[in-house]
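A quick write-up on the structure given underneath.
This one's a predicted model, so the numbers in the text were calculated from it and none came from an experiment. The chains referred to below are lettered A, B, ... by the order of the sequence lines, with proteins before strands, and numbering in each begins at 1.
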Amino acid sequence: MTIDSLVQHIGETVTLKGWLHQKRGSKGLFFMVLRDGTGMVQCVVNQGKVDATSWDNASSTTQESSLIVTGEILKDERQIGGIEIQASQIEVFQIVKDYPITPKSHGIDFLMDHRHLWLRSRRPWAIMRVRNRIIMSIHNFFQERGFLQMDAPLLTKNAVEGTSTLFEIDYFGSSAYLTQSGQLHGEVMAMAFNKIYTFGPVFRAEKSKTRRHLTEFWMIEPEMAFYDLDMNMTLAEDFLIRIASDAIEDCHEELDLLGRDLDWLRRVQPPFPRITYTDAVELLHSDQTQVMVQKHIEQLQQERSDLEQERTANRQNYGQLKEWKKRRIDAREIEINIRMDQIDEELRNLPQWGKSAEQFEWGGDFGGSDETLLTWHFDRPIIVHRYPESVKAFYMKRDPEDDRLALGMDILAPEGFGEIIGGGQRADDLTFLEEQVQRHRLPQDAFEWYFDLRRYGTVPHSGFGLGLERTVAWICGLEHIREAIPFPRMLGRLSP
RNA sequence: UCCUCGGUAGCUCAAUGGUAGAGCAUGCGGCUGUUAACCGCAGGGUUGUAGGUUCGAGUCCUACCCGGGGAGCCA
């Protein structure tokens, strides 16, 4: 029996195998929160209702000790899940000594060093389950629409994105690279199977230390023959709507535990605003944007002064309080300090963001701050399309109505989560592509097989890439992408 | 690579240049309905590293190492 299925068996006696998450007790009574991977449940151990060995076992268990609990399932509305176990027997696999991750707060460095244990905690549990649900949605979405799942090679000879972000490895004496994208091979398969999608890891040697970057992450890249840019955007829109609605439907408990504001996810409904790059630049230049920045600054200043007042009040009353209450105040003070640091950082950044938006020049690529400011204008994901060709990859088709533009599109998630999808319509003309490869100083011969796609039955086609971890971070409302993957690989982190 | 903040007990954090502390965790004791339980007692430290200033350095200065946040770049 697993904890997630207990609710259907109220009144029955069951045996659960798991780990001790937490224990409280008083004379002759223990409350043990048992974790088995599927959920948590409180087990009550009453000295009068168990044998002596079981009582000793219960007494000696520590955090993360592995054990077997037998007992009756009782309804108890006060508890998590509305049930608790009245234990009749406790057996032990192992008594643990000094489990490093205590129920109190920890710093991120410590937690990352103990990621192999941290994954047992509540928060990672919820996130990984949402990730799993999202992966299922992705496969269901494409499979239901007749897409063929394909695996692109991870070792390649070609750069797809910028060459500076390639991981180079020795391949029997010559150099090879870890793939940055499965797209070129996806195009091959689209010409063979019409509609395909890849789902695999990609690698980028970006020396980025931000909340949105990993060096190894998972990408989903559909590629469709006979799709133009508009069809591509519609597919991407349907795709995100499906992911969000499945998560809302099936991940109540997890999203609740993460404190996710579901209203933002419920608003992921068609149509997503579609704005051209040029309009987006105008929006950045608008007074409206400046007003928004100003409003944000004022809000933060308000929050800051509220926190300051609370802190002062706490300190004034401090002397007269009972010991346990003092500790609460101490803990709260730490929380306040952390939040104030965040606010100060944002208050330092926001004026710069406003300035950089104001001075943004047509032709450049949006920075993280520009994306964030753009999304502030809308209540759901937005699609920005028709970028200047100079900021997009060599394989993008040009806009027939304006040669300066590429038929690319990005989808920006709201609430500052930024770009989660990038894609577009592919160049289908051989001569144009050959010129582009030359212009970008890419090795012509490495792309010969790719050019063959334009020699033998070229057709209009499109596709996009979705970053899985960014999507998980968005759906879960995570501040940092490192929590969206079990074992994040980042600048300076290769273990565990 | 640049900017910025930080590194003090196992963990989270305190400490006007002047005797290094608290909570949690751990150990022992108490408490029969706890929800980050509570109460009492105990053990626990080369203040990131190497120099320097000073009567005196956790605190000031220099260099380096490690980490957080941000910029650039991107999904």
Is it possible for you to check whether A:Arg122 lies under 6.0 Å from the centre of the six-membered ring of A:Trp125, through NZ or CZ, and within 45° of that ring's axis? no
List the residues meeting side-chain contact (heavy atoms from CB on, under 4.5 Å) with A:Val202, not counting sequence neighbours, and say none if there are none. A:Thr179, A:Phe217, A:Met219
Partner of A:Arg260 by salt bridge (charged side-chain N to carboxylate O under 4.0 Å, His left out), out of A:Glu253, A:Glu415, A:Glu254: A:Glu415
Which part of the nucleic acid does A:Ile421 contact within heavy-atom distance under 4.0 Å: base, sugar-phosphate only, or nothing? sugar-phosphate
Within the structure shown, what part of the strands sits under 4.0 Å from A:Phe110 by heavy-atom distance: base, sugar-phosphate, or nothing? sugar-phosphate
So what does A:His480 touch, heavy atoms closer than 4.0 Å: a base, only the sugar-phosphate, or nothing? sugar-phosphate
Is any side-chain N of the basic residue among A:Glu469 and A:Arg212 closer than 4.0 Å to the acidic one's carboxylate O? no
OP1 or OP2 of B:U34 under 4.0 Å from side-chain N/O of A:Gln22: no
Whole angstrom is fine here: how far is it from CZ in A:Arg482 over to C1' in B:G69? 9 Å
Closest nucleotide of RNA chain B for A:Pro100 versus for A:Lys97: which of these residues is on the 5' side? A:Pro100
Is A:Lys23 close enough and on-axis enough to A:Phe30, meaning under 6.0 Å and within 45°, for cation-pi? yes
When you measure only distances, ignoring hydrogens and angles, does the side chain of A:Gln42 come within 3.5 Å of the base of B:U34 through a donor and an acceptor? yes
A:Arg204 bridged to A:Glu216 by N-O distance under 4.0 Å: no
Would you write the dot-bracket representation of RNA chain B, where each base gets (, ), [, ], | or . depending on whether it forms a Watson-Crick or G-U pair under 3.5 Å and with which partner? (((((((..((((....[..)))).(((((.......))))).....(((((..]....))))))))))))....
Please work out if A:Gly418 contacts a base, only the sugar-phosphate, or nothing of the nucleic acid, heavy-atom cut-off 4.0 Å. nothing
Look at all strands and tell whether A:Asp76 reaches a base, only sugar-phosphate, or nothing, counting heavy atoms closer than 4.0 Å. base
Any donor-acceptor pair under 3.5 Å joining the side chain of A:Glu84 to the base of B:G33? yes
Distance check needed: B:G33 P versus A:Asn46 CG, whole Å only. 10 Å
Cationic N near anionic O, under 4.0 Å, A:Glu84 to A:Lys75: no
Look at the side chain of A:His213 against the base of B:C74 and say whether a donor-acceptor pair falls under 3.5 Å; ignore hydrogens and angles. yes
Could you tell me whether A:Thr210 contacts a base, only the sugar-phosphate backbone, or nothing, with contacts defined as non-hydrogen atoms closer than 4.0 Å? base
OP1 or OP2 of B:A37 sitting under 4.0 Å from any side-chain N/O of A:Arg24? yes
